[in-house]
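Ligands are counted one by one from 1 in listed order, and the atoms in each one are counted from 1 as well. Counting begins at 1 with the first residue of the sequence.
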Amino acid sequence: MSEAEIGLIGLGTMGANLALNIAEKGFGIAVWNRTAETTHAFYAAAGASKLAEKIVPTETLEAFVAAIRPPRAIILMVPAGPIVDQQIANLTPFLEPGDLIIDAGNANFHDTDRRAADAAKGGPRFLGIGVSGGEEGARHGPSIMGGGEKQDWDRVAHILKAISAKYEGTPCATYMGPGGAGHFVKAVHNGIEYADMQMIAEVYGVMRDGMGMAASEIAEVFKSWNEGPLQSYLIEISAEVAAAKDPIGGGPMLDAILDQAGQKGTGRWTAIEAQHLAAPITVIEAAVAARNVSARLEERKAGEALFGAAPRRLEPAALDVDTLEKALICGKILCYAQGFTMIGAAANAFDWPLPLPEIARVWREGCIIRSSMLNDMATALTGNPDQNLMFAPAFAEKLKTTHGALRKAVSVAALNGLPMPALGAGLSYFDMMRTARSTANLIQGQRDFFGAHGFDRLDGADSHHGPWGSHAG
Ligand code: 6PG
């Protein structure tokens, strides 16, 4: 093949699978990796799968760039952070005006904003795209969230849509807005991913420790939930994880896995950004914090030794799996309501035209949080994108019929020492959001007392300070 339509740098798991996906959809692709052995091994494996004729393996950046048809489009699939900047710096001397670099890694959107600003100052053109779906998604159809100049997106959209997942024929690849908008939406996706996973883990904990259910029984529950309103990739894989046997010990695989969760930081970025935006995403924040607590295994052991393990085992009639299912439905709606509200806050703060219904649509297939509920969310947001999803009639109805179950699950769990940080955060959010007269009047009184910050009165009277006298600050 003389000239490839696109290039890809970084043949790690995600990059290699994305390159095979691109080749399979009929686009010629030049590839380059820091270590040439990886490139050779990749090309040999591609030959075995008959995709080699679409692939141009290269050993130098110069040869790589020369193999791509100008104006070039080059995907970077390298670890997020300084390596991306390094790679852009190494590549730039070989590029010509109009060439486009596409960062498809899990970049912090602030970095993407900075790189897009550099591009606007005369560097290579730049797109930051969020790609979700893990290894399988990269190979057979990820969900793609694009950010940068629309004209650059339009140039490569035909390739990105072709390789993306499809929901009933509609590609899950959408332009989100300028600069870091694509990576921002991907970060919120990941925050929701953390929260979905944590909420599932919390009900797993109730079934395992509170109800004494074996992993295989829990797998059956997840499997049945996957046939109902909770149908989703994460419930589906939770069933598979719970059903798997340990190839070494022979027992349930789940029972042999250390209870310390890793993280690369995207959930944390979402929580940090939410604070900057003053967007309440309490369920996601709780999920990030729960991963941090899980990492502190030695402290947790010391805590159990000092305070004793919580009772945990429930009375037989205290909770049932149907209540847990409803609790999870309720928590999930509240979590997504928070996530979409955060996206709306970013759209206002950064002046990005973030298309909320389209975001729900692009998450329906390919990505880690794909679920049937997202289709209903897309429909609800289409009618009224600025409205908190919890007030959309279809979801308000669902909340009315499930919040009792969430309350029961969280309260029974609390009484028995079963932690539910994310579901508990969702419940408190629900209760705060249906309380017209909150307790922030006391906060205002305190602020005025120590700092003379002033307050508004309910009766509208023109008096903005309390009668605190000489004790006040
Ligand atoms: C996806 C995933 C993927 C990955 C992240 C999060 O959408 O395909 O979010 O990007 O799983 O790296 O992983 P951590 O749990 O390590 O933060």
_For a salt bridge (Lys or Arg N to Asp or Glu O under 4.0 Å) check, start with the C-alpha distance between Glu136 and Arg139, then their side-chain angles and the critical distance, and finish with the verdict._
CA-CA 5 Å; Glu136 269 300 296; Arg139 179 66 183 84; over 6 Å; no

*Count the heavy atoms belonging to other residues, nucleotides or ligands that lie under 6.0 Å from NZ of Lys25, then report whether that count exceeds 12.*
yes

*Just heavy atoms, cut-off under 4.0 Å: does Arg291 contact ligand 1 by side chain, backbone, both, or neither?*
side chain

*Applying salt bridge (charged side-chain N to carboxylate O under 4.0 Å, His left out), name anything that partners Asp118, two or more places apart in sequence or on another chain.*
Lys121

*Atom indices of ligand 1, in the order listed, that fall short of 4.0 Å to a heavy atom of Gly134*: 8 (O)

*Which residue from Lys264, Lys186, Arg268 reaches closest to atom 14 (P) of ligand 1 through any of its heavy atoms?*
Lys264

*Of all the atoms in ligand 1, which lie at a distance below 4.0 Å from a heavy atom belonging to Asn190?*
5 (C), 6 (C), 7 (O), 9 (O), 10 (O)

*Can you pull the side chain to side chain donor-acceptor pair (under 3.5 Å) pairs that have at least one residue in residues 227-239, sequence neighbours excluded?*
none

*Can you tell me which residue and heavy atom of the protein come closest to atom 9 (O) of ligand 1, and the distance to 0.1 Å?*
Glu193 OE1, 2.6 Å

*Closest non-hydrogen protein atom to atom 7 (O) of ligand 1, residue and atom name please, with distance?*
Ser132 OG, 2.4 Å

_Asn106: numbered ligand 1 atoms lying under 4.0 Å from its heavy atoms_ = 3 (C), 5 (C), 10 (O), 12 (O)

*Does Ile368, backbone or side chain, put an N or O under 3.5 Å from an N or O of ligand 1?*
no

_Side-chain H-bond candidate by donor/acceptor type, Thr35 with Thr38, under 3.5 Å_ = yes

*Gly133 heavy atoms, cut-off 4.0 Å: which ligand 1 atoms fall inside?*
1 (C), 7 (O), 8 (O)

_Among His158, Gln151, Lys150, side chain to side chain donor-acceptor pair (under 3.5 Å) partner for Asp154_ = Lys150

*When you look at Phe109 and Trp269, which way does the ring-ring contact (aromatic ring centres under 6.0 Å, His included) test go after all the steps?*
CA-CA 9 Å; Phe109 84 95; Trp269 296 342; 8.9 Å; no

*At a 4.0 Å threshold, what atoms of ligand 1 neighbour a non-hydrogen atom of Gln263?*
14 (P), 16 (O), 17 (O)

_Evaluation steps, side chain to side chain contact (heavy atoms under 4.5 Å, CB included), between Leu230 and Ile329_ = CA-CA 6 Å; Leu230 286 174; Ile329 292 169; 3.6 Å; yes

*Val131 N/O to ligand 1 N/O under 3.5 Å*: no

*Give the numbers and elements of all ligand 1 atoms closer than 4.0 Å to a heavy atom of His189.*
7 (O)

*asked:* Is it true that Ser143 and Arg364 share a donor-acceptor pair across their side chains at a distance under 3.5 Å?
replied: no

*Name the closest protein heavy atom to atom 17 (O) of ligand 1, giving the residue it belongs to and the distance to 0.1 Å.*
Tyr194 OH, 2.5 Å

